[in-house]
Amino acid sequence: MEFKTVIEPFRIHSVEPLKLTTHSQRKTIIEKAGYNVFNLRSEDVMIDLLTDSGTGAMSKSQWAALQNGDESYAGSPSWQRFDSAVKNLFPFNNVIPTHQGRAAEKILFSILGGPGKVVPSNTHFDTTRANIEFTGAKAVDLVIEQGRNPQSLHPFKGNMDVEKLHDLIEEIGSEHIPIVMMTVTNNSGGGQPVSMENIRETSQLCHRFGIPFFLDGCRFAENSWFIQERESGYSQVPISDIVKEMASLADGMTMSAKKDPLGNIGGWLAMNDDTLAKEARRLLILTEGFPTYGGLAGRDLEAIAVGLTEAISQDYLDYRIASTRYLGHALHDADIPVVLPIGGHAVYIDARSWLGHLSPLQYPGQSLCVALYVEGGIRSCEIGTVMFGLQPDGKEVPAAMDLVRLAIPRRTYTQSHIDYVVEVCLKLKDIITSLPGYTITSEPEPLRHFSARFAPLV
Ligand code: F0G
């Protein structure tokens with residue numbers, strides 16, 4: 001490339017004003033919110049890096065496509081366009097639309113889960129884990145060892161530990177493993193990619209034992225970009241072909257269209273097995289809707305169909321990964337510990353290391369989230385002991401890592417917004433050792449991180 005600056009491959013078409021707040025206003029606001037950023041009103045947030053889920057900017061083609069939305073209860077042309085767009089990349093026999101990813105998970109695990117069952121993954125996302133455990137089944141994370149080490153530079157830190165998976169199958173028997181999942185990219189493990197080779201090996205192992213192998217494909221396009229960048233033999237392969245190859249190795253998938261498909265809402269469950277699909281559609285009708293809209297308006301189906309074509313654009317993905325790296329490398333260069341290599345959709349700060357004066361049960365990630373908000377009005381997300389520490393039996397143990405995720409909404413913030421985030425983090429460096437630990441004053445179960453309330457330990 002001739003120039004080092006990777007420009008946004010779009011210009012701004014419509015703007016959303018941001019409300020600017022002061023340090024002292026934010027101190028009061030976060031206290032009222034029980035020191036939980038999920039309790040904040042979004043108007044009180046200046047840079048919202050809570051999630052990349054449903055928070056991206058749609059393109060003018062997507063907005064235009066909304067007008068094609070046909071809201072017929074059954075058999076609408078919007079459904080046909082959605083179904084074709086999904087099958088064009090993921091040619092599974094059955095595509096079942098859902099209102100978001102967790103609805104697909106709920107349906108899938110209501111059928112396949114249950115007491116005595118074990119569902120392995122590289123790393124389950126929190127809703128996936130919760131939906132599995134809700135049925136009485138056990139969710140197991142089998143990411144490779146390097147995936148648990150924030151400093152390891154392994155190019156595919158999201159990979160499944162195939163040997164461990166093999167041992168687990170041998171140990172408990174394939175009849176207790178109704179399905180194996182693979183999250184691409186591995187969100188809870190730092191947004192790290194999974195190699196095609198690893199997807200293939202995992203698929204082959206599952207098939208040897210007759211176990212269905214499903215992708216949690218939320219960030220399929222970013223994962224494909226990393227395969228193109230890092231895996232031998234793929235540098236000249238178009239993203240769409242890499243996506244199709246990943247899909248060809250799986251028996252089905254769950255998807256949140258709020259991520260790489262560039263929707264504000266939506267998802268799907270897809271599979272080749274017609275009997276499983278029949279059962280899934282039966283449950284879909286109970287809670288989501290008729291199989292040709294499944295909890296979505298026709299206009300949402302249209303926006304996702306167009307989003308899927310934009311998500312695999314090389315220019316878009318080059319920009320997307322470059323802009324995430326821009327933030328990650330700036331923090332790394334300032335000696336702020338971040339998960340390396342920088343992932344696709346987010347930068348993960350290693351709060352356990354940066355706030356080394358706090359023990360994991362004092363929630364260093366939560367403390368950093370509060371500080372990012374108070375200092376700079378930045379909303380981030382704890383992915384650590386608050387999110388994963390509470391065990392099904394009520395015990396509390398430290399999570400594998402205490403990370404704080406700065407998730408980058410797609411096509412939403414400019415480089416100066418990100419420069420501001422870097423500046424706030426640099427300021428935090430000066431006060432980091434004085435940040436307090438936190439205790440939980442009230443918490444629901446499961447998924448306590450969404451609504452728990454905290455108090456600083458003083
Ligand atoms: N799987 C993964 C890997 C996810 O990241 C998410 C959502 C889901 C499933 C569930 O999808 O939200 O549409 O129900 N992740 C969001 C996040 C919430 O912030 O990472 P959903």
Side-chain angles (χ1 to χ4, degrees), residues 36-38 42 45 48-56 96-109 119 121-134 139 141 143 147 157-158 160 179 181-194 214-223 246 250 252-270 284 287-288 294-296 300 303-304 307 311 324 339 343-348 365 369 379-384 386-388 403-410 412 446-447 449-451:
N36 185 343
V37 293
F38 281 100
S42 62
V45 175
D48 204 343
L49 308 182
L50 180 66
T51 178
D52 64 320
S53 180
T55 51
I96 296 171
T98 58
H99 78 277
Q100 55 184 91
R102 66 198 71 183
E105 295 163 2
K106 168 83 179 150
I107 291 171
L108 183 65
F109 297 117
V119 181
S121 175
N122 48 349
T123 311
H124 291 287
F125 184 64
D126 59 350
T127 59
T128 324
R129 170 173 287 276
N131 271 302
I132 292 167
E133 289 173 348
F134 188 71
D141 295 335
V143 74
K157 283 170 79 172
M160 178 86 82
I179 186 168
M181 301 289 297
M182 180 76 98
T183 314
V184 295
T185 57
N186 191 22
N187 183 11
S188 307
Q192 299 293 327
V194 181
F214 272 48
L215 297 174
D216 174 339
C218 294
R219 298 177 181 85
F220 71 95
E222 292 168 7
N223 199 81
M246 289 195 304
M253 70 188 300
T254 56
M255 174 62 106
S256 167
K258 303 171 74 171
K259 280 83 171 178
D260 276 355
L262 295 165
N264 293 132
I265 195 72
W268 67 82
L269 172 62
L284 184 85
T287 56
E288 289 284 296
L296 291 170
D300 298 325
I304 295 164
T324 305
V339 174
H345 69 295
V347 173
Y348 294 70
C369 283
R379 179 154 64 172
S380 56
C381 183
E382 194 262 12
I383 301 199
V386 174
M387 192 180 266
F388 294 117
L403 303 177
V404 165
R405 185 181 72 170
L406 305 172
I408 318 290
R410 293 169 180 78
T412 302
L447 301 177
H449 55 284
F450 287 136
S451 48

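Whatever order the structure lists them in is the order used to number ligands and atoms, beginning at 1.
- Contact atoms of ligand 1 toward G101: 11 (O), 13 (O), 14 (O), 21 (P) (distance under 4.0 Å to a heavy atom of the residue).
- H345 pairs with exactly one of T324, N187, D260, T51 by the side-chain hydrogen bond (donor to acceptor under 3.5 Å, both in side chains) rule, that one being N187.
- Nearest protein neighbour of atom 21 (P) of ligand 1, counting heavy atoms only, is Q100 NE2, 3.3 Å.
- Evaluation of the side-chain contact (heavy atoms from CB on, under 4.5 Å) rule for S188 yields T123, F125, F388 as partners, not counting sequence neighbours.
- Summarising the local packing, CZ of F134 is surrounded by 12 or fewer heavy atoms from other residues, nucleotides or ligands at distances under 6.0 Å.
- Residue, atom and distance of the protein heavy atom nearest to atom 9 (C) of ligand 1 are E105 OE2, 3.1 Å.
- Using a 4.0 Å cut-off to heavy atoms of T183, the atoms of ligand 1 that qualify are 3 (C).
- When only non-hydrogen protein atoms are considered, atom 10 (C) of ligand 1 lies nearest to T127 OG1, 3.5 Å.
- Of the protein's heavy atoms, K259 NZ, 3.0 Å lies nearest to atom 15 (N) of ligand 1.
- Here H99 has no heavy atoms under 4.0 Å from ligand 1, in either its backbone or its side chain.
- Residues E222 and R410 form a side-chain contact, since some pair of their non-hydrogen atoms from C-beta on lies under 4.5 Å apart.
- Contact annotation: the side chain of S121 never approaches that of R129 to less than 4.5 Å [non-hydrogen atoms, C-beta and beyond].
- Side-chain contact check for R219 versus D52: some heavy-atom pair is nearer than 4.5 Å.
- The protein atom (non-hydrogen) at minimum distance from atom 12 (O) of ligand 1 is R102 NH2, 2.8 Å.
- Every atom of ligand 1 with a heavy atom of C218 under 4.0 Å away is listed here by number and element: 1 (N), 2 (C), 3 (C), 4 (C), 9 (C).
- With a 4.5 Å cut-off on side-chain heavy atoms, Q192 and V339 count as touching.
- In terms of protein heavy-atom proximity, atom 13 (O) of ligand 1 is nearest to S256 OG, 2.7 Å.
- Not close to ligand 1: G267, with no non-hydrogen atom less than 4.0 angstrom away.
- With rounding to the nearest 0.5 angstrom, the CE atom of M255 is 12.0 Å from the CG atom of L269.
- Within the set D216, I265, T254, T185, the minimum heavy-atom distance to atom 1 (N) of ligand 1 is found for D216.
- Closest to atom 8 (C) of ligand 1, if we only count protein heavy atoms, is F125 CD2, 3.5 Å.
- In this structure, a donor-acceptor pair under 3.5 Å is absent between the side chains of H124 and D216.
- Distances shorter than 4.0 angstrom occur between a heavy atom of R219 and an atom of ligand 1.
- Between C381 and H449 the shortest side-chain heavy-atom distance does not fall below 4.5 Å.
- Checking only distances, T128 never comes within under 3.5 Å of ligand 1, N or O to N or O.
- Contact atoms of ligand 1 toward K258: 13 (O) (distance under 4.0 Å to a heavy atom of the residue).
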